[in-house]
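Shown next, in structure tokens, is the structure this report addresses.
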Amino acid sequence: MRIVVLSDSHGNAAVVEQIIRRHQADAEVFLHLGDGAREFENAACLYEGRVFWGLRGNCDWGIDLPSERVLTLEGVRLFFCHGHTLGVKSTLGPLWERARAEGCALALYGHTHAAHLERRDGITLMNPGSCSRPREGKPGYGIVDLVNGVPVCNLVTL
């Protein structure tokens, strides 16, 4: 199963649609980690047969979505959040602890606008960066392939 992970699009509907179009044939699930929930919801209406889950970020005012979720896909538990309520700009400790407490193999987060990928004590942490306003480098997103119960993560630049 392939999951495409976007975050921090901040009103750039064109880039959200570009990423979804690029992966409409090879991804089953699309996740948006917040700060762009509205354009993600609008794009999701255009693609039937795919699963879309979005979150509310600190800039998603008036959006009735949670700021974090836990899912189990193909036997893999994953925690995903925007990250502002866990202080990810300062430390990843609370994110890692939360994922561990939830029994997750994968923790996805946004908010920092900086791509990040690391494995710590059996849990993979990934921030896809911002698909429209990166802190450094180029805009990007993430891909998670679930292979035999293991998340295989990659960062992709636009």
Do Phe30 and Ile3 sit in one hydrophobic cluster, given that two such residues count as connected whenever their side-chain heavy atoms are within less than 4.5 Å of each other, even indirectly?
no

Between CZ on residue Arg135 and OG1 on residue Thr112, distance to nearest 0.5 Å:
7.0 Å

Partners of Phe40 by ring-ring contact (aromatic ring centres under 6.0 Å, His included), sequence neighbours excluded?
His32, Phe52

Close side-chain approach of Leu106 to Thr124, heavy-atom, < 4.5 Å:
yes

Do any pairs count as a salt bridge (charged side-chain N to carboxylate O under 4.0 Å, His left out) and have a residue in residues 46-73, sequence neighbours left out, and if so which ones?
Glu68-Arg98

Atom CG in Leu125, atom CH2 in Trp96: separation rounded to 0.5 Å?
9.0 Å

Taking the side chain as every heavy atom from C-beta outward, state whether Pro151 and Leu78 have any pair of such atoms under 4.5 Å apart.
no

Are Pro139 and Pro134 packed together at the side-chain level, in the sense that at least one heavy-atom pair is separated by less than 4.5 angstrom?
yes

Look at the side-chain heavy atoms of Ile, Leu, Val, Met, Phe, Trp and Tyr, link any pair under 4.5 Å apart, and say whether Val5 and Leu71 land in one connected group.
yes

Flag side-chain contact, heavy atom, 4.5 Å: Met1 against Val76:
no

When hydrophobic residues are tied together by side-chain contacts of less than 4.5 Å, even through go-betweens, does Leu33 share a cluster with Leu155?
yes

Gap between atom CG of Asn42 and atom CD of Glu17 - 0.5 Å precision
8.5 Å

Side chain proximity check, Leu146 to Val150, heavy atoms < 4.5 angstrom
no

Does any N or O in the side chain of Asp35 come within less than 3.5 Å of the main-chain N or O of Asn58, such that one atom is a donor and the other an acceptor?
yes

4.5 Å side-chain heavy-atom contact, Asp8 and Arg133:
no

Quick one: are Arg22 and Val4 in side-chain contact, heavy atoms under 4.5 Å?
no

Between CD1 on residue Ile123 and CZ on residue Arg77, distance to nearest 0.5 Å:
11.5 Å

Atom NE2 of His10 and atom SG of Cys131: how far apart are they, to the nearest 0.5 Å?
9.0 Å

Consider only side-chain heavy atoms of I, L, V, M, F, W and Y, link residues closer than 4.5 Å, and tell whether Val88 and Leu6 are in one cluster.
no

Nearest 0.5 Å, what's the CG-CZ distance between Leu31 and Phe80?
5.0 Å

Do you know the tightest heavy-atom contact between Pro128 and Ser7?
CG-CB, 3.9 Å

Assigning hydrophobic clusters by single linkage (Ile, Leu, Val, Met, Phe, Trp, Tyr; side-chain heavy-atom cutoff under 4.5 Å), is Leu95 placed with Leu108?
no

On a heavy-atom basis, the closest approach of Ile20 and Ala43 is CD1-CB, 3.7 Å

Could you tell me whether the side chain of Glu41 reaches within less than 4.5 Å of the side chain of Leu65, counting heavy atoms only?
yes

Mind listing the closest non-hydrogen atom pair of Cys153 and Met126 along with its distance?
CB-SD, 3.7 Å

side-chain contact (heavy atoms from CB on, under 4.5 Å), that's the test. Do Gln18 and Leu158 meet it? Break it down for me.
CA-CA 10 Å; Gln18 173 191 355; Leu158 290 172; 4.1 Å; yes

Using a cut-off of 6.0 Å, state whether more than 12 heavy atoms not belonging to Asn148 lie near its atom CG.
no

